[in-house]
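First up is the structure itself, then whatever we jot down about it.
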Amino acid sequence: MTRLSADQARRVAISAQGFAEPKPRGSVNRAHLRRLVSRIQLLQLDSVSVAVRAHYAPVFSRLGPYDRSILDAAAWSHSARAPRLLVEYWAHEAALMALEDWPLMRWRMREYAHGRWGREIVKKNPRLADNVLAAVDELGPSTAGQIEAHLEGERARRKGPWWDRSDTKWVAEALWSSGALTTATRIGFARHYDLTEKVLPPHVLAREVDDDEAVRELVQRAAGALGVATEPDLRDYFRLSPKQSKPAVAALVAEGALEEVEVDGWSAPAYLAPGVTVPRLDRGTALLCPFDPLIFFRPRLERIFQFHYRIEIYTPEPKRQFGYYVWPFLLDGRLVGRVDLKADRANDALNVVGAFTEPGQNPAVVAPRLAAELHSMAVWLGLSTVTVGKRGDLVAALGKAL
């Protein structure tokens, strides 16, 4: 059986996520984006925008500064010259994934026939579901509020018990989860629903994939994106259940599509796609948003990088250890620090609220490289400067480097 050292496994994981390659010298284009998505499979969506929304960040981390309108167009518009490349669905969490992969999620759409949450609300309103579909058919791409206004004679402003969402919002979300509706576009991050058959091309809609085959394909794609992974790692990437992922992994090993390997220090077996090259050098320098695919499964993050990380958005400010929205800093293939970032538009600055080194790291070594990444990020976000706060052992050296 193949055996990898912990350092080799870390290098494989970083390389699989696209960090070992040089960033494009020229402008980033649709072809770069297509290749990146084919590699990492998904871009997680999240509503927090204190620095930049989550789906934009992994592209920047791997490709450098780019025009975010390229991603917007790939996800939320279509033309003969620039066909839609991406579609929204529950991949990891809500995420952008390749349009062609939408049929791989049909089994989940059946599971979510009454939505992912608020299912009782949806079940009690079967007529409302028909009315929402009819309204969207008539209106075209519409927000939940626009749909509700259209249906005001029946459900205007009636509120349900969940997060003060209206029944119409819950039903629209359920229809999105079931695949009857999809996201036609987003404006100001507000989702505009449309009938799926009006958004996705006929060949994608026509493709039917056996459930077991779809799950095996998702596991194999996760293996490619992760490089080397345990079964729980593979399971988490597309949020599968153990009863789905375990047979799929076994079948792929039997077929020779995955190789079981041992990794020093890992307590569980690991799996590697055949033909994966183990990099000999440590590469990869980037700021990583909390929802980056390299780090979003926290047990794997700690196992590979010995990096304990939790999002502290919901932690009361006095109890936060590192900050509100903290970005780990990858330097030459190792996580060496973390920075709490905020885009301060009023002052035209990327504000480093706090900056911290990991144990054993030298701030004088980390600070100049981090400063370069922060300058690049500020330019990308259209901000004129980088400012540094007072929290953390890295702020003094970082302030000097900037």
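The structure displayed is predicted, hence computed values, not measured ones.
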Donor-acceptor pair, distance only, cut-off 3.5 Å: does the side chain of [X] make one with the backbone of [Y]?
{"X": "R216", "Y": "L252", "result": "no"}
{"X": "Q8", "Y": "S5", "result": "yes"}
{"X": "H375", "Y": "A372", "result": "no"}
{"X": "S142", "Y": "Y193", "result": "no"}
{"X": "R30", "Y": "I70", "result": "no"}
{"X": "Y89", "Y": "S177", "result": "yes"}
{"X": "R10", "Y": "I304", "result": "no"}
{"X": "H55", "Y": "L43", "result": "no"}
{"X": "S69", "Y": "D72", "result": "no"}
{"X": "E312", "Y": "Q321", "result": "yes"}

If you measure from the Lys or Arg side-chain nitrogens to the Asp or Glu carboxylate oxygens, is any gap between [X] and [Y] under 4.0 Å?
{"X": "R298", "Y": "E302", "result": "no"}
{"X": "E231", "Y": "R235", "result": "yes"}
{"X": "D332", "Y": "R369", "result": "yes"}
{"X": "R239", "Y": "D236", "result": "yes"}

Closest non-hydrogen atom pair between [X] and [Y], with its separation:
{"X": "L330", "Y": "G284", "value": "CG-O, 3.4 Å"}
{"X": "G323", "Y": "D340", "value": "CA-OD2, 3.3 Å"}
{"X": "A355", "Y": "L398", "value": "CB-CD2, 4.1 Å"}
{"X": "M377", "Y": "A51", "value": "CE-CB, 4.4 Å"}
{"X": "A13", "Y": "R300", "value": "CB-NH2, 3.4 Å"}
{"X": "A286", "Y": "S61", "value": "CB-O, 3.4 Å"}

Hey, is [atom1] on [X] packed in by over 12 heavy atoms from elsewhere, all under 6.0 Å?
{"X": "K23", "atom1": "NZ", "answer": "yes"}
{"X": "K198", "atom1": "NZ", "answer": "yes"}
{"X": "E317", "atom1": "CD", "answer": "no"}
{"X": "R116", "atom1": "CZ", "answer": "yes"}
{"X": "R345", "atom1": "CZ", "answer": "yes"}

query: Between R39 and E21, does a salt bridge (Lys or Arg N to Asp or Glu O under 4.0 Å) hold up when you go through it step by step?
result: CA-CA 12 Å; R39 184 169 208 158; E21 296 179 1; 2.7 Å; yes
task: For a ring-ring contact (aromatic ring centres under 6.0 Å, His included) with Y66, tell me which candidate from Y56, W380, F60 qualifies.
output: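 Only one option passes, and that is W380.
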Rounded distance [0.5 Å steps], [atom1] in [X] versus [atom2] in [Y]:
{"X": "F329", "Y": "L374", "atom1": "CZ", "atom2": "CG", "value": "7.5 Å"}
{"X": "L350", "Y": "D344", "atom1": "CG", "atom2": "CG", "value": "9.5 Å"}
{"X": "T2", "Y": "E259", "atom1": "OG1", "atom2": "CD", "value": "3.5 Å"}
{"X": "L104", "Y": "D211", "atom1": "CG", "atom2": "CG", "value": "11.0 Å"}
{"X": "R34", "Y": "L86", "atom1": "CZ", "atom2": "CG", "value": "9.0 Å"}
{"X": "N29", "Y": "D67", "atom1": "CG", "atom2": "CG", "value": "11.5 Å"}

With a cut-off of under 6.0 Å to the ring centre and 45° to the axis, is [X] in cation-pi contact with [Y]?
{"X": "R303", "Y": "W266", "answer": "yes"}
{"X": "R191", "Y": "W176", "answer": "yes"}
{"X": "R221", "Y": "F238", "answer": "no"}

query: Hey, what's the ring geometry for Y309 with F307, parallel, tilted or perpendicular (30° and 60° as the breaks)?
result: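 The rings of Y309 and F307 sit tilted, inter-plane angle from 30° to 60°.
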task: Would you please classify the geometry between the Y237 ring and the F296 ring as parallel, tilted or perpendicular, with 30° and 60° separating the classes?
output: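 F296 vs Y237 ring planes: tilted.
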task: May I have the step-by-step check of side chain to side chain contact (heavy atoms under 4.5 Å, CB included) for N125 and T168, ending in yes or no?
output: CA-CA 9 Å; N125 288 278; T168 302; over 6 Å; no
Is the shortest side-chain heavy-atom distance between [X] and [Y] below 4.5 Å?
{"X": "V215", "Y": "S245", "result": "no"}
{"X": "V276", "Y": "S15", "result": "no"}
{"X": "H92", "Y": "Q41", "result": "no"}
{"X": "W76", "Y": "T183", "result": "yes"}
{"X": "F356", "Y": "D393", "result": "yes"}
{"X": "R68", "Y": "V52", "result": "yes"}
{"X": "Q244", "Y": "V219", "result": "no"}
{"X": "R84", "Y": "V199", "result": "yes"}

query: Going through the checks in order, is the side chain to side chain contact (heavy atoms under 4.5 Å, CB included) test met by E358 and R334?
result: CA-CA 10 Å; E358 289 299 288; R334 298 178 186 271; over 6 Å; no
task: Mind running salt bridge (Lys or Arg N to Asp or Glu O under 4.0 Å) on K169 and E173 for me, showing each step along the way?
output: CA-CA 6 Å; K169 173 64 174 176; E173 283 286 290; 3.7 Å; yes
task: Please test L96 against E88 for side chain to side chain contact (heavy atoms under 4.5 Å, CB included), starting from the C-alpha separation and ending with a verdict.
output: CA-CA 5 Å; L96 293 168; E88 286 186 35; 3.5 Å; yes
message: Please determine whether side chain to side chain contact (heavy atoms under 4.5 Å, CB included) holds for the pair L33 and V28, giving the CA-CA distance in whole Å, both sets of side-chain angles, and the decisive distance to 0.1 Å.
response: CA-CA 8 Å; L33 180 62; V28 173; 5.6 Å; no
